[in-house]
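Report on the structure given below.
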Amino acid sequence: MKKTKVVCIGEALIDRIRNKSNKGFTDFLGGAPANVACALRKLKIDTVFIGCLGSDDFGKKFIEEFNKLEVNLDFLQLNNDLSTRVVNVDRNQFGDRFFSGFKASSHTSFADEALNKQLIEKQLPNLEKILLETKYLVTGTIVLSSQLSAEAISFLLEQAYKFKVKIIIDVNWREVFWDYSQFSSQISKTARVELIKKFLSHAHVLKLAKEEASLFFDNENPLLISQQMSKKPDVIITDG
């Protein structure tokens, strides 16, 4: 069977970006795995998104956009208790953007942290059918900052290996997510880095920003980074 699908796993959230005038914000649908899923559909590639959204207006906007692009949502989870995360993106004195925190919520966690392994297991036959046709699984490391979503991604990787699916990891290091999460806020930065480095060993393709390469591998040479890793992945480093 020809493998043509791509499964994208992780966060779908709102980037609330401060306008260049520094007056007010504009909301954008975001989250690296959700962005990849939508971009691939625009290239006519069969794409599945696995993540969790709040049952709120932002969640509805995501579903509307996913449906418009015909992204497969068979494994999308909706949470009635937690809201879709809104990330505040500010600008520094040079106009560059940075994550400054999250819109206040009545809960101590957000929907994207609540991706549930048990709900995925209930759909295991459907998952196996999709993985039979899947060439790549794309994910990041933000899912590791929540115990619940970390369990879910671990299970999904196990299933992907059974069907010889290639794993693509975009590090997408965002420390503010770890600082906020109940699960990871008490974990030291050193422990966070080690946890992520262990997770990166799953990658057949690894994407890092230049500063991420320095943080996790103390190196900015893609070849030397690849040689440090058991699977000798293809390594892509972006700068800027």
Side-chain angles (χ1 to χ4, degrees), residues 3 5-13 31-37 47-56 58-59 62-63 66 71-85 105 107-174 177-178 180-187 191-192 194-204 231:
K3 291 176 171 283
K5 296 185 187 299
V6 178
V7 174
C8 301
I9 304 167
E11 65 278 5
L13 46 78
N35 286 340
V36 172
T47 311
V48 181
F49 177 74
I50 301 179
C52 185
L53 289 166
S55 299
D56 48 30
F58 286 132
F62 267 108
I63 291 171
F66 284 140
V71 175
N72 182 311
L73 298 179
D74 287 355
F75 296 91
L76 178 67
Q77 298 177 12
L78 292 176
N79 193 299
N80 293 323
D81 299 317
L82 303 177
S83 60
T84 302
R85 193 192 303 253
S105 169
H107 298 278
T108 56
S109 58
F110 294 99
D112 58 274
E113 300 178 87
L115 184 62
N116 191 309
K117 170 190 171 184
Q118 292 180 333
L119 294 179
I120 297 169
E121 285 179 312
K122 289 180 179 179
Q123 293 181 272
L124 188 56
N126 189 19
L127 177 65
E128 290 177 337
K129 182 179 177 182
I130 284 175
L131 290 176
L132 267 173
E133 302 172 356
T134 297
K135 187 170 185 178
Y136 296 109
L137 182 153
V138 180
T139 191
T141 64
I142 288 176
V143 287
L144 301 178
S145 64
S146 155
Q147 189 169 16
L148 200 60
S149 61
E151 289 174 354
I153 190 63
S154 178
F155 173 74
L156 287 162
L157 288 175
E158 287 176 12
Q159 300 308 309
Y161 280 128
K162 293 178 184 177
F163 294 91
K164 296 181 170 54
V165 176
K166 300 289 186 183
I167 310 300
I168 301 175
I169 299 177
D170 175 1
V171 173
N172 199 29
W173 165 247
R174 299 288 183 263
F177 285 77
W178 293 72
Y180 179 87
S181 169
Q182 280 186 308
F183 169 66
S184 61
S185 60
Q186 303 303 314
I187 302 174
R192 295 172 185 180
E194 288 306 310
L195 178 65
I196 289 172
K197 281 189 71 173
K198 184 177 180 180
F199 180 73
L200 299 185
S201 67
H202 293 290
H204 297 91
K231 283 190 169 63

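Atom set for the values below is all heavy atoms of this structure, side chains included, hydrogens, waters and symmetry mates excluded. On a predicted model such as this, the values are computed, not experimentally measured, just so you know.
In this structure, the side chain of Q123 engages the main chain of D74 through a donor-acceptor pair within 3.5 Å. Of the possible donor and acceptor atoms, one in the side chain of R192 sits under 3.5 Å from a partner among the backbone N and O of I187. A side-chain donor-acceptor contact under 3.5 Å links S145 to the backbone of I142. Side-chain atoms of S201 come within 3.5 Å of backbone N or O of K198 as a donor-acceptor pair. In this structure, the side chain of S181 does not engage the main chain of F177 through any donor-acceptor pair within 3.5 Å. Using a distance-only test at 3.5 Å, with no hydrogens or angles considered, a donor-acceptor pair links the side chain of T141 to the main chain of V171. Judged by distance alone, the side chain of E113 and the main-chain N or O of F110 form a donor-acceptor pair under 3.5 Å.
Between L137 atom CG and L131 atom CG the span is 7.5 Å, to the nearest 0.5 Å. A distance of 10.5 Å separates CG in L73 from CD1 in I50, rounded to the nearest 0.5 Å. Separating the CG atom in L148 from the CZ atom in F183 is a distance of 10.5 Å, to the nearest 0.5 Å. Considering CG of L200 and CD1 of I169, their distance stands at 5.5 Å, rounded to 0.5 Å. The distance from the NZ atom of K117 to the CG atom of L156 is 10.0 Å, given to the nearest 0.5 Å. Here the OG-CG distance, from S55 to N79, works out to 7.0 Å after rounding to the nearest 0.5 Å.
The closest side-chain donor-acceptor pair between H204 and Y136, if any, does not fall under 3.5 angstrom. Residues D56 and S83 have side chains that never bring a donor and an acceptor to within less than 3.5 angstrom of each other.
A heavy-atom distance below 4.5 Å is found between the side chains of I130 and N72. Side-chain contact check for E11 versus N172: some heavy-atom pair is nearer than 4.5 Å. Put simply, the side chain of I196 reaches to within 4.5 Å of the side chain of W178, judged on heavy atoms. For the pair T134/V48, no side-chain contact is recorded, criterion being any heavy-atom separation below 4.5 Å from C-beta on. Side-chain contact check for Q118 versus K122: every heavy-atom pair is 4.5 Å or farther apart. Within the 4.5 Å cutoff, the side chain of L82 has heavy atoms near those of the S109 side chain. At a threshold of 4.5 Å between non-hydrogen side-chain atoms, the residues L76 and I63 count as touching. By the 4.5 Å heavy-atom criterion applied to side chains, F58 and L13 are not counted as neighbours.
No salt bridge links K162 with E128; every basic N to acidic carboxylate O contact stays at or beyond 4.0 Å. For the pair K5 and E133, the salt-bridge criterion is met [side-chain N within less than 4.0 Å of a carboxylate O].
A160 approaches I167 most closely through the heavy-atom pair CB-CD1, 4.0 Å. Across D170 and A32, no two heavy atoms sit closer than the pair OD2-CB, 4.3 Å. In this structure, C8 and P33 approach most closely via the heavy-atom pair CB-O, 3.5 Å.
Exactly one residue among T47, V36, I9 makes a side chain to side chain contact (heavy atoms under 4.5 Å, CB included) with V138. That residue is V36.
Counting non-hydrogen atoms of neighbouring residues, nucleotides and ligands closer than 6.0 angstrom, the NZ atom of K166 reaches no more than 12 such neighbours. Applying the 6.0 Å contact sphere to CD of Q182 captures no more than 12 heavy atoms from other residues, nucleotides or ligands. Atom NZ of K231 sits in a crowded spot, with more than 12 heavy atoms from other residues, nucleotides or ligands closer than 6.0 Å.
The six-membered or imidazole ring of F75 lies away from that of F49, with a centre-to-centre distance of 6.0 Å or more.
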Audit row: Q159, L127, side-chain contact (heavy atoms from CB on, under 4.5 Å) steps and yes/no: CA-CA 9 Å; Q159 300 308 309; L127 177 65; 4.0 Å; yes
